[in-house]
Amino acid sequence: MQESYKDHLNLILATLPEQPGCYQFFDEKAVIIYVGKAKNLKRRVSSYFQKEHLENKTRVLVKQIRDIKYIVVDSEEDALLLENNMIKQYRPRYNVLLKDDKTYPYIVIKNEHFPRIFQTRNIVRDGSNYYGPYASVYTAKTMLQMIKSIYKVRTCKLPLLSESISIGKYRVCLEYHIKRCNAPCIGHIHVEEYNEQISEIKEILKGNSSLITNLLLAQMRRYSDAMLFEEAQYLKEKYEVLENYRSRSTIVTSVLNNLDVFSFDENEKSAYINYMHIKNGSVVHVYTLEFKKKLDEPKEELLELGIVEMRERFESQATEIIVPFFPDTVNPDKITYTIPQKGDKKKLLDLSTQNVKQYKADCLKRAEKFNPEQRTTRLLKTIQNDLHLPVLPIHIECFDNSNIQGTSPVAACVVFKKGKPSRKDYRHFHIKTVVGADDFASMEEIVTRRYSRLLEESMPLPQLIVIDGGKGQLNVAARVLQKLDLFGKITVIGLAKRLEEIFYPDDPEPLILDKTSETLKVIQHLRDEAHRFGITFHRDVRSKKQIVSELDGINGIGEKTKTVLLNKYKSVKRLRNIPADELVALIGKQKADALIDGLKQNIVELK
């Protein structure tokens with residue numbers, strides 16, 4: 001039993017995503033004992049289990065962990081806000097408990113005549129517009145300062161009604177005299193003009209901040225040109241805060257309350273449904289459920305089952321449910337189903353969708369970790385489907401030529417079996433019948449030699465051949481297979497280097513796979529292995545030729561002497577720098593003199 005929970009944790013740690021998020025540790029009673037945030041979930045959570053912790057509290061915590069769950073989000077700031085929500089909701093034993101019930105700060109534009117703009121932690125539902133929350137007070141204050149440096153909005157709490165202004169009830173204050181306010185209190189600015197400024201500010205707070213950033217950049221350049229570097233640095237700090245600011249957090253939003261959010265994903269065997277509950281504008285529950293399919297159930301029916309199960313499990317009384325599509329049965333008398341297209345509800349649905357897709361991917365990774373054959377079969381089926389192959393490509397071979405301006409031409413053949421390199425089956429070839437740099441003729445020779453020999457020796461043939469090159473080399477390989485009566489029995493493709501295009505014989509249009517495709521990655525791995533193997537062999541051949549031409553051309557230096565010299569000094573280059581008396585002591589004066597004279601003649605320059 002002890003080992004089983006450790007195996008379970010190790011499986012989770014092996015498949016954690018490298019994304020921002022919030023993680024929860026559970027004890028043996030399935031109670032949350034710790035909530036944390038992470039910029040990189042895999043790195044942060046794994047760190048608890050990879051080192052000896054100095055703090056006794058952390059050691060005790062790690063010993064009690066029996067399960068790990070996590071929620072992926074878009075940014076580190078969202079992870080911070082979600083962590084804050086969950087600590088307040090669950091009050092985990094090992095978290096620092098929050099002594100007050102403070103929320104993160106917002107910026108509010110009050111619903112009033114000549115609206116005020118200020119920072120607040122209290123949300124009053126009086127029609128005012130709230131923007132945030134902000135992960136830090138500094139960010140909120142910086143936003144306010146920048147807005148007020150551009151727009152002259154009022155800061156006073158006077159009830160500026162039209163009647164009061166028209167009878168001259170108010171007098172201007174210091175803000176007007178220092179040119180920070182346009183004095184709406186005495187009618188110096190009309191409400192329409194003032195509201196135009198408010199509309200621009202709303203756009204900035206929604207995230208459309210290019211207006212301010214462009215102004216800041218222009219001012220920074222002016223300060224820099226005038227060598228006012230301190231002022232330019234001050235504006236740069238403001239600019240960076242604004243650029244990093246996200247106006248709307250998906251994790252906390254002031255306008256939504258008591259909502260359920262569901263998202264859906266599936267594969268051939270299972271359906272996955274993610275559930276999120278929103279309370280007082282915050283995400284407080286996140287859970288993903290997996291249904292094993294029995295029949296070919298429609299997704300609408302599966303979503304309905306998930307909605308019923310989750311709402312009963314979490315005792316949800318929400319009257320509005322956000323869904324990606326309508327479930328099988330819709331009861332409009334009791335519950336409102338919403339399929340959002342934009343806005344805060346769409347962002348919540350996107351977050352739920354992101355988590356259900358991550359859960360599905362993690363389940364697949366864990367299954368493949370537990371059963372490597374499953375991953376191999378899935379990968380081979382993916383390659384078969386992507387490349388339109390008649391059979392699974394269990395055995396794949398790839399060819400590459402190597403030469404420098406026609407010198408020392410060689411070729412390499414690498415072999416992959418079940419999607420992995422089979423290095424004992426790698427082969428290299430000296431090009432025997434081609435003079436100069438002729439890649440087409442070289443390819444024809446090595447493909448002919450390779451498959452003629454496999455046929456003669458009744459060796460297993462590959463299901464797929466990859467040619468590192470374009471249409472020309474591919475067509476040469478295809479002609480060879482036709483001569484050997486293998487064309488059609490073995491699929492052959494060419495991989496062009498420039499755009500990673502895949503070509504088929506007699507088909508002018510290439511196949512272009514997605515850059516993240518597993519199939520493309522396997523083919524690129526084949527190509528890179530063939531190139532590496534070929535280049536290494538070519539380098540060895542060149543090196544041997546250089547050594548032979550340098551030493552074997554010297555009269556008086558035989559094979560035994562050459563072996564002694566190379567065993568001690570490793571290369572001809574080092575031999576050139578050895579003192580004469582040291583060479584005399586090693587091989588005798590007569591041979592040493594012959595060696596020194598021969599090297600000076602430079603029979604063949606080392607490249």
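For the single chain, residues carry numbers from 1 onward in sequence order. This structure is a prediction, so every number in the text was calculated from the model and none was measured.
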Whether Lys346 and Asp350 form a salt bridge (side-chain N of Lys/Arg under 4.0 Å from carboxylate O of Asp/Glu) is what I want to check.
yes

With sequence neighbours excluded, tell me which residues meet salt bridge (Lys or Arg N to Asp or Glu O under 4.0 Å) with [X].
X	answer
Glu518	Arg378
Glu196	none
Lys148	none

Take a 6.0 Å sphere around [atom1] of [X] and say whether it holds more than 12 heavy atoms from other residues, nucleotides or ligands.
X	atom1	answer
Lys360	NZ	yes
Lys110	NZ	yes
Arg43	CZ	no

Quiz question: by atom type and distance under 3.5 Å, do the side chains of Ser47 and Arg44 form a donor-acceptor pair?
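Yes, because at least one side-chain N or O of Ser47 sits under 3.5 Å from a partner of the opposite role on Arg44.
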
Any chance the side chains of Thr120 and Asn122 put a donor and an acceptor closer than 3.5 Å?
no

Looking at [X] and [Y], would you say the former's side chain and the latter's main chain have a donor-acceptor pair under 3.5 Å?
X	Y	result
Ser46	Lys42	yes
Asp265	Lys357	no
Ser164	Leu160	no
Arg154	Phe114	yes

Let me have the donor-acceptor pairs involving side chains of residues 11-24, under 3.5 Å, with sequence neighbours excluded, atom names and distances please.
{"residue": "Thr15", "atom": "OG1", "partner": "Leu11", "partner atom": "O", "Å": "3.1"}
{"residue": "Thr15", "atom": "OG1", "partner": "Ile12", "partner atom": "O", "Å": "3.3"}
{"residue": "Thr15", "atom": "OG1", "partner": "Arg366", "partner atom": "NE", "Å": "3.1"}
{"residue": "Gln19", "atom": "NE2", "partner": "Gln358", "partner atom": "OE1", "Å": "3.0"}
{"residue": "Tyr23", "atom": "OH", "partner": "Tyr48", "partner atom": "OH", "Å": "2.8"}
{"residue": "Gln24", "atom": "NE2", "partner": "Cys22", "partner atom": "O", "Å": "3.4"}

Side-chain heavy-atom pair [X], [Y] within 4.5 angstrom cut-off:
X	Y	value
Asn267	Leu364	no
Lys269	Lys292	no
Pro105	Arg121	yes
Pro324	Leu349	yes
Ile65	Tyr34	no
Tyr272	Glu290	yes
Asp74	Gln354	yes
Ser316	Met310	no

What are the two closest non-hydrogen atoms of [X] and [Y], and how far apart are they?
X	Y	value
His8	Arg66	CD2-O, 3.6 Å
Ile109	Pro115	CG2-CB, 3.9 Å
Ala318	His277	CB-CE1, 4.2 Å
Val73	Ala79	CG2-N, 3.7 Å
Pro92	Met86	CD-O, 4.4 Å
Leu495	Ile502	CD1-CG1, 4.0 Å

Mind checking side-chain contact (heavy atoms from CB on, under 4.5 Å) for [X] and listing every partner two or more places apart, or none if nothing turns up?
X	value
Glu231	Tyr223, Leu228
Ser352	Val261, Ser263, Asn274, Met276
Arg180	Glu175, Ile178
Thr319	none

Which distance, rounded to the nearest 0.5 Å, do you find between the [atom1] of [X] and the [atom2] of [Y]?
X	Y	atom1	atom2	value
Phe291	Glu301	CZ	CD	10.0 Å
Lys345	Thr338	NZ	OG1	5.0 Å
Leu158	Lys169	CG	NZ	9.0 Å
Leu513	Asp386	CG	CG	5.5 Å
Phe25	Ile32	CZ	CD1	11.5 Å
Leu144	Thr155	CG	OG1	11.5 Å

With [X] via ring-ring contact (aromatic ring centres under 6.0 Å, His included) - residues at least two apart:
X	result
Phe264	Phe325
Tyr170	none
Tyr176	His188
His190	none

For Asp344 and Leu348: C-alpha separation, side-chain torsions, deciding distance, then whether side chain to side chain contact (heavy atoms under 4.5 Å, CB included) applies.
CA-CA 6 Å; Asp344 292 320; Leu348 288 170; 5.6 Å; no

Could you go through Glu309 and Leu305, starting from their C-alpha distance and side-chain angles, then the distance that decides it, and tell me whether this counts as side chain to side chain contact (heavy atoms under 4.5 Å, CB included)?
CA-CA 6 Å; Glu309 168 67 24; Leu305 289 172; over 6 Å; no

Between Glu193 and Asn182, does the side chain to side chain contact (heavy atoms under 4.5 Å, CB included) criterion hold? Intermediate values first, please.
CA-CA 11 Å; Glu193 185 181 350; Asn182 282 328; 5.8 Å; no

Please assess Leu82 against Val35 for the test side chain to side chain contact (heavy atoms under 4.5 Å, CB included), listing each intermediate value before the final yes or no.
CA-CA 10 Å; Leu82 182 56; Val35 173; over 6 Å; no

For Thr516 and Asp514: C-alpha separation, side-chain torsions, deciding distance, then whether side-chain hydrogen bond (donor to acceptor under 3.5 Å, both in side chains) applies.
CA-CA 5 Å; Thr516 60; Asp514 187 273; 2.4 Å; yes

Determine the interplanar angle of the Tyr275 and Phe262 rings, folded into 0 to 90°, and report it as parallel if under 30°, tilted if 30 to 60°, perpendicular if over 60°.
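Judged by the thresholds at 30° and 60°, the geometry between Tyr275 and Phe262 is tilted.
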
